[in-house]
Structure formats: structure tokens, C-alpha cells
Amino acid sequence: MKIFAPKETDPIETRASLDPAAVKKLIGLGAEVVVEAGIGARCDHPDASYEEAGATVSDDRSGELGSADIVTRIRKPSEEEVGQLKKGAIHISFLDPFNEKDLLGSFASQDTTAISLEMIPRTTLAQKMDAISSQANLAGYVAVITAANRLNSIFPMMMTPAGTISPAKVFVLGIGVAGLQAIATAKRLGARVTAFDVRPEALEQAESLGAKALRIDLGETGGTDQGYAKELTPEQLEKQRQAQAKVCAQSDVVITTAKVFGRKPPVLIQKDVVESMQPGSVVVDLAAETGGNVEGITPGEETETEKGVKLVGLANFEGQVSKHASQVLAANFANMIEHFWDEEAKAFQIDLEDEIQKGCVITHGGSVVHERFQD
Ligand code: NAD
């Protein structure tokens, strides 16, 4: 089977879907690997390092798309490039399937087996291919490093002959994979951390990392079988906003990571709360790219309110550590291919009865096969 990894085309994308280590692993399985020239230019992997690992480096993007059996890429493709895929090929990428109905239709008419990285089940068996987690973990780290960099004060407490400097107060809103890493990173830098999540078990995890859990009685909040939060009622959301407003006002840094699977992220911090923060304080919104948790934040930009509160709504936080982000993402791709690899046929086996594939294969055999997207 021929695997092709094209270069990402979005200018903000710095990562590569395959790195040399993943190429080596795939070649070890018996696959032929082709990467587009320049694929690793923004994550410190020159073409030569891919060649050393055994890949062919090609300039013929459309030719490779048209002949590959498996295409690995990070961002969703254009309709035009879906039309270039070989009939029956397997395409693995983030797909945003809840918002890309037309794209799913194109994959189906092209007879592509489209696999959505977002839909990989959150199970122990699938953990090694869980790209959402591998990337969110790094995004949580980058959020804190970015905030520390923008703040005109320091994170740790310092007792000096010239007086004592108090530690930064950091509030982490949303304690999933990114939030936990944000807490751990902020603690390592010496900050005093408070955290909140609608899932009670997440509060305990935050405490085990040394954060103070903010407890708000919202009544029944529930969760999905995958461990995701459910959307709050408007009353619950209002109660949460009021209860956390004081913590925000007293924080030097607020990091928001709250998402609700398949829906727009909830707006958790409204303008009046941002206005109540001290000049120089920093808000980093990890959900900005998909709509944002913070009112007034501009996706992809850094702005400052009149009062001097810095709002960081950068997209692709994990892309700022592109080498490590590519390392773990490429490992996710290679692990998935290895998991479904048939040794004898030297091919990726599609099995729609498999629990992992049932979760993440969206189109196959000319139609949308995932029940959540069939209508
Ligand atoms: P996510 O990115 O969907 O959301 C981030 C966090 O925001 C979640 O913790 C969620 O509870 C929280 N949130 C939602 N609404 C909120 C609100 N109004 N206020 C505050 N917080 C709010 O979540 P994620 O990081 O992808 O993780 C989701 C779950 O999946 C977690 O339980 C995690 O432990 C679990 N998980 C399991 C596995 C596995 O078993 N293989 C792997 C990764 C993650």
C-alpha cells in the first residue's frame, strides 16, 4: 500500500502529519511511503531526513493524491483535492464532521474511506491514536508559556532582599486534557492555580496537581459515555458565570479550554468580567479557533482592551511547538495504521464492526456510514 503525506496548505499550519520516525515505522510494516517535498520545513525535518528514513520525496502533489492508497494529513482537504483522490482510497485527517456536510458528501461520491481524527473513541485501546489528546496536551502547555511571556510580572514567588514578589494567580477554566497540562505547567512555574470544570471528577484531578478547585453547585451536569461534558442549561451557565466572576477579577492569568463535543464552545467569560480584571492581566482562550469561551476575543489575534487586559485568541497553539506536536501526531497516525494493518496482505483493513472504526470511519463504499452523520 502506498501512503502519501501531503504538505499542509493552511499558512498557520506548521505541523506535519508524518515525521521521519513514523515513516520508519510504516516502512517496517511493508508500506511504501511518499511525502510531499517541504512537508517538514516548519517542524525541523528537512526532506533529506525523510529520505534517510526510507520515504520518497515528491513534488507531484496531485499525482500522489491520485495514486495513494492512504493519505494522511492534518487539516481537512478542499473539495477539489477530494476529487483528485484515487477511488477507494483511505483518507485520515481532522475533518470537523459536524460542520462539513458537503465535504462528507464529496468523500462519499469519491468512494473514499474518510477517517475523522476527532471521532476516535476515548477508550484505552484507542489512546495511542488519540490525536485530540496528543495535541491538546501540548496546547495546554503553550497556553501557559504564552501567558507567562505576555505578563509583565513573573509566575513564581520570590523572596529577595528588595522585598517579596507574590506568585501569579492563574485560573484555568475547563480541566480536560489541555486544562490539566495548563495546571501542571503553571504549577511548575510557581503560580497559584485555581481551576473549574463542570465535571466533578475533573476537579479532583486538578486538586491532585496542586490546584485549588472552585466548587460551584450547578445541580446535575451529566456527561457523555465518552467522558465529554454535556451542554449546560442557560440557568446553569448563568450561575457558573456569576460564581467564577470574582476569581477572574482576582487572577493575573485566565486560561480557558472549555469545549462541548460537536457544539460551539460555551461563552463563559463575558465582557464585564474581562473589564473587571487588572490592567496587564492576560486571558488565553484555547477555544478561540472554534468560537471561543471569552466574549470580545478575536480568533487568531492578540488584542488589548482599553483598560489594558491582554486577550490572546491565537489559533493552532500546538503548532507553536511544531516539532513535538508533529512527533506525537505522526505517532498517532502510524499507531492507527499499524493497529489495522494486515501483515499478510500488507494493507489497512477496513472493518466497520470494529469498535474504533465504528467511531471514526465516516464514509466508506460510496456512502456516509457513520450513523451520527447519515442525515
Ligand atoms: P474537551 O476538549 O471536549 O473539553 C475541555 C474541558 O472543558 C472538559 O473537561 C469539559 O468538561 C470542560 N467544560 C465543558 N463545558 C464547561 C463549562 N461550562 N465550564 C467549565 N468547563 C467546561 O475535553 P477533553 O480534554 O477532550 O477531554 C474530555 C474527556 O475525555 C475527559 O474526561 C478526559 O479525561 C477524557 N479522555 C479520555 C481518554 C481515554 O480514556 N482514552 C483520552 C483522552 C481524554
Side-chain angles (χ1 to χ4, degrees), residues 94 96 98 116-141 143 171-184 194-209 211 213-245 247-248 254-270 273 283-295 317-318 328-329 331-332 335-336 339 355-356 359-360:
F94 287 107
D96 193 13
F98 290 97
S116 160
L117 294 176
E118 295 93 332
M119 298 300 293
I120 292 173
R122 310 308 279 273
T123 59
T124 307
L125 189 61
Q127 229 163 2
K128 61 186 176 189
M129 47 187 108
D130 181 351
I132 292 251
S133 291
S134 74
Q135 303 305 292
N137 187 31
L138 293 172
Y141 166 87
F171 181 38
V172 176
L173 196 41
I175 319 172
V177 179
L180 285 171
Q181 187 55 250
I183 292 170
T194 304
F196 174 71
D197 197 294
V198 290
R199 295 179 299 113
E201 66 272 23
L203 294 175
E204 283 162 31
Q205 290 166 358
E207 282 171 333
S208 73
L209 290 172
L214 174 67
R215 292 187 193 275
I216 307 171
D217 183 9
L218 295 175
E220 177 59 39
T221 48
T224 71
D225 57 354
Q226 295 279 312
Y228 287 113
K230 282 201 173 143
E231 201 167 26
L232 296 183
T233 63
E235 296 74 31
Q236 285 175 315
L237 202 54
E238 193 43 42
K239 195 167 179 192
Q240 174 185 347
R241 286 183 186 133
Q242 282 177 17
Q244 73 195 12
V247 183
C248 291
V254 174
I255 292 175
T256 65
T257 77
K259 290 182 189 158
V260 177
F261 192 67
R263 296 183 182 273
K264 258 184 86 147
V267 175
L268 300 176
I269 299 185
Q270 291 169 304
V273 175
V283 181
V284 180
D285 187 351
L286 278 191
E289 205 175 350
T290 47
N293 294 142
V294 183
E295 207 175 36
F317 279 87
E318 55 273 31
V328 287
L329 186 57
N332 294 143
N335 289 338
M336 172 185 262
H339 187 85
E355 278 308 310
I356 298 175
C360 64

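Atoms within each ligand, like the ligands themselves, are counted from 1 in listed order. When a residue number appears, it is its place in the shown sequence, counting from 1.
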Looking only at side chains, do Gln240 and Gln236 share a donor and an acceptor under 3.5 Å apart?
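No, because no side-chain N or O of Gln240 sits under 3.5 Å from a partner of the opposite role on Gln236.
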Is the side chain of Asp285 donor-acceptor paired with the backbone N or O of Val294 at a distance under 3.5 Å, no angle test?
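Checked: pair present.
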Please check: side-chain N/O of Asn293 versus main-chain N/O of Ala287, any donor-acceptor pairing under 3.5 Å?
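No: the side chain of Asn293 does not pair with the backbone of Ala287.
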Return the orientation label for the Tyr228 and Phe261 ring planes: parallel under 30°, perpendicular over 60°, tilted otherwise.
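If you compare the ring of Tyr228 with that of Phe261, the planes turn out parallel.
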Within less than 4.0 angstrom of ligand 1, does Ala202 place any heavy atom?
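Heavy atoms of Ala202 never come under 4.0 Å of ligand 1.
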For [X], is at least one N or O under 3.5 Å away from an N or O on ligand 1?
X	answer
Ser133	no
Thr124	no
Ile132	no
Leu232	no

Going by the order shown, which atoms of ligand 1 are within less than 4.0 Å of some heavy atom of [X]?
X	value
Gln127	39 (C), 41 (N)
Ala229	10 (C), 11 (O), 14 (C)
Thr123	41 (N)

Nearest protein heavy-atom contact for [atom]: which residue, which atom, what distance?
atom	value
atom 13 (N) of ligand 1	Ala258 CB, 3.8 Å
atom 30 (O) of ligand 1	Gln226 O, 3.8 Å
atom 5 (C) of ligand 1	Thr257 O, 3.3 Å
atom 28 (C) of ligand 1	Tyr228 CD2, 3.7 Å
atom 42 (C) of ligand 1	Asp130 OD2, 3.4 Å
atom 1 (P) of ligand 1	Lys259 CB, 3.9 Å
atom 29 (C) of ligand 1	Gly227 O, 3.2 Å
atom 12 (C) of ligand 1	Asp197 OD2, 3.2 Å

Record the part of [X] in heavy-atom contact with ligand 1 below 4.0 Å; permitted values are side chain, backbone, both and neither.
X	answer
Arg122	both
Gln240	side chain
Ile175	backbone

Nearest heavy atoms of [X] and [Y], plus distance in Å:
X	Y	answer
Leu180	Ala206	CD2-N, 4.2 Å
Glu231	Val260	N-CG1, 3.8 Å
Val177	Ser133	CG1-O, 3.6 Å
Ala245	Val273	CB-CG2, 4.0 Å

Using the side chain to side chain contact (heavy atoms under 4.5 Å, CB included) definition, which of the options Leu329, Asn137, Leu138 pairs with Glu318?
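Only one of Leu329, Asn137, Leu138 forms a side chain to side chain contact (heavy atoms under 4.5 Å, CB included) with Glu318, namely Leu138.
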Under the side chain to side chain contact (heavy atoms under 4.5 Å, CB included) test against Gln135, which residue among Val328, Asp130, Leu117 passes?
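Among Val328, Asp130, Leu117, the one that satisfies the side chain to side chain contact (heavy atoms under 4.5 Å, CB included) with Gln135 is Val328.
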Short check: is a protein heavy atom less than 4.0 Å from atom 10 (C) of ligand 1?
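Yes, there is one.
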Distance below 4.0 Å between atom 34 (O) of ligand 1 and any protein heavy atom?
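There is no protein heavy atom less than 4.0 Å from atom 34 (O) of ligand 1.
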Salt bridge check: are Glu207 and Arg215 linked by an N-O gap of less than 4.0 Å?
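Yes, Glu207 and Arg215 are salt-bridged.
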Does Lys264 have more than 12 heavy atoms from other residues, nucleotides or ligands lying within 6.0 Å of its NZ?
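Open: at most 12 neighbouring heavy atoms sit under 6.0 Å from NZ of Lys264.
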Yes or no on ring-ring contact (aromatic ring centres under 6.0 Å, His included) for Phe317 and Tyr141, after CA distance, side-chain angles and deciding distance?
CA-CA 9 Å; Phe317 279 87; Tyr141 166 87; over 10 Å; no
Candidate with minimal heavy-atom separation from atom 21 (N) of ligand 1, of Gly140, Pro266, Gly174:
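Of the listed residues, Gly174 has the closest heavy atom.
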